[in-house]
2 protein chains.
Amino acid sequence: MVLPRAAKTQRRTRIQEEKEERILEAALEVFSAHGFRGATVDQIADVAGMSKPNLLYYFRTKEAMHRALIDRVLDTWLDPLRAFDAEGNPVTEIRSYIRRKLEMARDFPRESRLFANEVLQGAPHIEDELKGPLKELVDEKAEVIRAWTKAGKIAKCDPYHLIFAIWSTTQHYADFDVQVRAVLGQGNSGEGRFEDAARFLERLFVDGLQVSEQPAS
Amino acid sequence: MVLPRAAKTQRRTRIQEEKEERILEAALEVFSAHGFRGATVDQIADVAGMSKPNLLYYFRTKEAMHRALIDRVLDTWLDPLRAFDAEGNPVTEIRSYIRRKLEMARDFPRESRLFANEVLQGAPHIEDELKGPLKELVDEKAEVIRAWTKAGKIAKCDPYHLIFAIWSTTQHYADFDVQVRAVLGQGNSGEGRFEDAARFLERLFVDGLQVSEQPAS
DNA sequence: TGATAATTTGACCGGTTGGTAAACATTACA
DNA sequence: TGTAATGTTTACCAACCGGTCAAATTATCA
């Protein structure tokens, strides 16, 4: 036998798992930084510390690498939204969704940029995932939000655009990191910006910008 | 003479202006769709409807094209923020800033994606612009917002993160257009989504999500 | 008109791209 | 241990990349 993928019985060797792990880690690094077309197999091989043909022994094409990466990351990426609980307190749910998304932007910026690159360039490789699983999940959660608004638990608003707003504001800190740093300047670009962002966003989504009742001290 | 750039007396021929225009239009199309590394000169030439050497007669390198494009677009792109008026009514100013940014996302999505691609991939070509002119402009407007919060005109909040939030939520509709369409589905992906977004965002930034006083009819 | 400058093109170049072939090395296992 | 499957490498390829060059074409204007 020559090809490691699609082993008859099972994913046998431990060496396969290790190498595939290393490759996907390197692929994440490179794809997230340059997009699909901008990334090169040589670069990924270099980061993974192995030869290009060796890489192509585990993943037959550049696209196969990209696909494997997408498949692995997409599920994790949508976990916070799945945790959205219809039975919970709306404000608490929204607050913790924001916090979780912000934590992911902080801890997994490469994953965020991987998707951002992909979607930004027209999502040529993940169109099906967007129109299928993603849409279905969002539809489901949008219904939850709609129920909350109908029950008068939160202000009436378009649930889809609410979700878009949470996505964009949180992922902004991963996807546009260099711009955020540049604007905040050297002094304020420590990791504290995520806490500031969390404080701001939780307040924004819950209270808006209306004049606060307690005047600044 | 051989090189059209840096003509001694002035930008002489009208033919130069026309061709450079066509090239930059094509370059915008291609760079915004694939990023700098993902775009090819042949592709730009093809879209512009001229031969590659002819293209390189007007812009000597791929980078020169990209730079010319950035320079031309950046100013326009920051206009809405410049219009932010310290003397105006805070809520009105924020509302119209959101509306203007949303209009730009609708009418100039390629320009938005051009920058998004660039920033997403580490802003290798526009770092100076971010740390220089952009930061200074944001610093200035952040000061305006801070004055509003100190005067109690709007809720106390971090002005930088407020600006980030407006940027991200509005540009989301340009940069992540395919995702927005995919999630909204065919029925709702007409141009009406921008009006829905405007309604949602104006309300979000002004009132937040708190329980509305007037119950749904 | 004619000559001079501006514009356009086809042929081409060295380097890089994604991917392959086959020989070689290593592992797993009877 | 032997041997067959698995893993790795060297050398290589055709297509494409950004860019050059000299020749051909077109516009300008005295």
Side-chain angles (χ1 to χ4, degrees), chain A residues 1-24 26-27 29-31 33-70 117 121 124-125, chain B residues 1-24 26-27 29-31 33-69 121 124-125:
Chain A
M1 208 204 279
V2 148
L3 297 172
R5 336 255 51 240
K8 270 181 213 157
T9 53
Q10 47 172 316
R11 167 156 310 183
R12 216 170 330 203
T13 59
R14 82 177 193 294
I15 192 167
Q16 268 183 32
E17 279 187 45
E18 285 177 13
K19 290 297 169 71
E20 288 180 7
E21 191 64 32
R22 261 171 67 188
I23 292 171
L24 289 182
E29 187 73 27
V30 177
F31 280 132
H34 302 293
F36 183 78
R37 285 184 58 165
T40 73
V41 178
D42 296 80
Q43 224 178 332
I44 298 173
D46 197 52
V47 172
M50 43 179 110
S51 68
K52 181 168 63 171
N54 197 10
L55 243 173
L56 292 165
Y57 171 71
Y58 291 99
F59 296 93
R60 274 190 287 211
T61 65
K62 183 183 172 184
E63 259 199 66
M65 273 178 250
H66 191 256
R67 168 133 301 274
L69 199 52
I70 294 277
N117 262 303
Q121 305 190 359
H125 304 92
Chain B
M1 208 205 277
V2 150
L3 298 172
R5 336 253 54 236
K8 272 180 211 155
T9 53
Q10 47 173 317
R11 167 156 307 182
R12 218 172 327 204
T13 60
R14 83 174 193 295
I15 192 168
Q16 269 185 30
E17 279 186 47
E18 284 178 13
K19 289 297 169 71
E20 289 180 6
E21 190 66 28
R22 261 172 64 187
I23 292 171
L24 289 182
E29 187 73 26
V30 177
F31 280 133
H34 301 293
F36 183 78
R37 285 183 59 165
T40 71
V41 177
D42 295 79
Q43 225 178 331
I44 299 173
D46 197 53
V47 172
M50 43 179 112
S51 68
K52 181 167 64 169
N54 197 10
L55 242 172
L56 293 165
Y57 170 73
Y58 291 100
F59 296 91
R60 274 188 286 208
T61 66
K62 183 183 172 184
E63 258 200 66
M65 272 177 252
H66 192 256
R67 169 132 300 274
L69 200 52
Q121 305 192 359
H125 305 92

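Each chain gets a letter, A, B and so on, in the order the sequences are listed, and its residues count up from 1.
We find that CD of B:E18 is positioned 13 Å from C1' of C:dT7, with the value rounded to whole Å. Between the P atom of C:dT7 and the CD1 atom of B:I23 lies a distance of 11 Å, rounded to the nearest Å. The distance between atom CZ of B:F59 and atom P of D:dT20, rounded to the nearest whole Å, is 15 Å. Taking atom CZ of residue A:F36 and atom P of nucleotide C:dT17, one finds them 14 Å apart after rounding to whole Å. One can place CZ of B:R22 at 13 Å from P of C:dT7, the figure rounded to the nearest angstrom. One can place NE2 of B:H66 at 13 Å from P of D:dG18, the figure rounded to the nearest angstrom. Rounded to an integer number of Å, the gap from CG of B:L56 to C1' of C:dT9 is 13 Å. Note: NZ (B:K62) to C1' (D:dG19) measures 12 Å, nearest angstrom.
Contact between the side-chain N/O atoms of A:Y58 and the OP1/OP2 oxygens of D:dT6 is not found at any separation under 4.0 Å. Proximity of B:Y57 to the phosphate of C:dT8: no side-chain N or O atom is located under 4.0 Å from OP1 or OP2. For the pair A:Q16 and D:dT6, the criterion of a side-chain N or O lying under 4.0 Å from OP1 or OP2 is not met. For D:dT8, one of the phosphate oxygens OP1 or OP2 lies less than 4.0 angstrom from a side-chain nitrogen or oxygen of A:K19.
Near DNA chain C, meaning a heavy atom under 4.0 Å from it, residues 42-53 of chain A has A:D42, A:K52, A:P53 in order of number.
Checked against salt bridge (Lys or Arg N to Asp or Glu O under 4.0 Å), B:D46 has no partners two or more places apart in sequence or in another chain. Among residues two or more places apart in sequence or in another chain, the side-chain hydrogen bond (donor to acceptor under 3.5 Å, both in side chains) test is passed with B:R37 by A:H34, A:Q43. Judged as a side-chain contact (heavy atoms from CB on, under 4.5 Å), and not counting sequence neighbours, A:A33 has no contacts. In this view, A:K19 satisfies the salt bridge (Lys or Arg N to Asp or Glu O under 4.0 Å) rule with no residue, not counting sequence neighbours.
Contacts of A:A39 with the nucleic acid, taken as non-hydrogen atoms under 4.0 Å apart, involve only primed sugar atoms and P, OP1 or OP2.
Rounding to the nearest 0.5 angstrom, the gap separating the CD atom in A:Q16 from the OH atom in A:Y57 is 6.5 Å. Here CD1 of B:I23 is found 11.5 Å from CG of B:L69. Values are rounded to the nearest 0.5 Å.
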Would you mind writing out the side-chain donor-acceptor pairs for residues 61-68 of chain A within the sub-3.5 Å range, not counting sequence neighbours?
residue	atom	partner	partner atom	Å
A:T61	OG1	A:E63	N	3.4
A:T61	OG1	A:A64	N	3.0
A:K62	NZ	A:F36	O	2.9
A:K62	NZ	A:A39	O	2.7
A:R67	NH1	A:D71	OD1	3.3
A:R67	NH1	A:E129	OE2	3.1
A:R67	NH2	A:H125	O	2.6

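Candidate nucleotides D:dG18, C:dG19, C:dT9 were compared by shortest atom distance to the side chain of B:N54, and C:dT9 ranks first.
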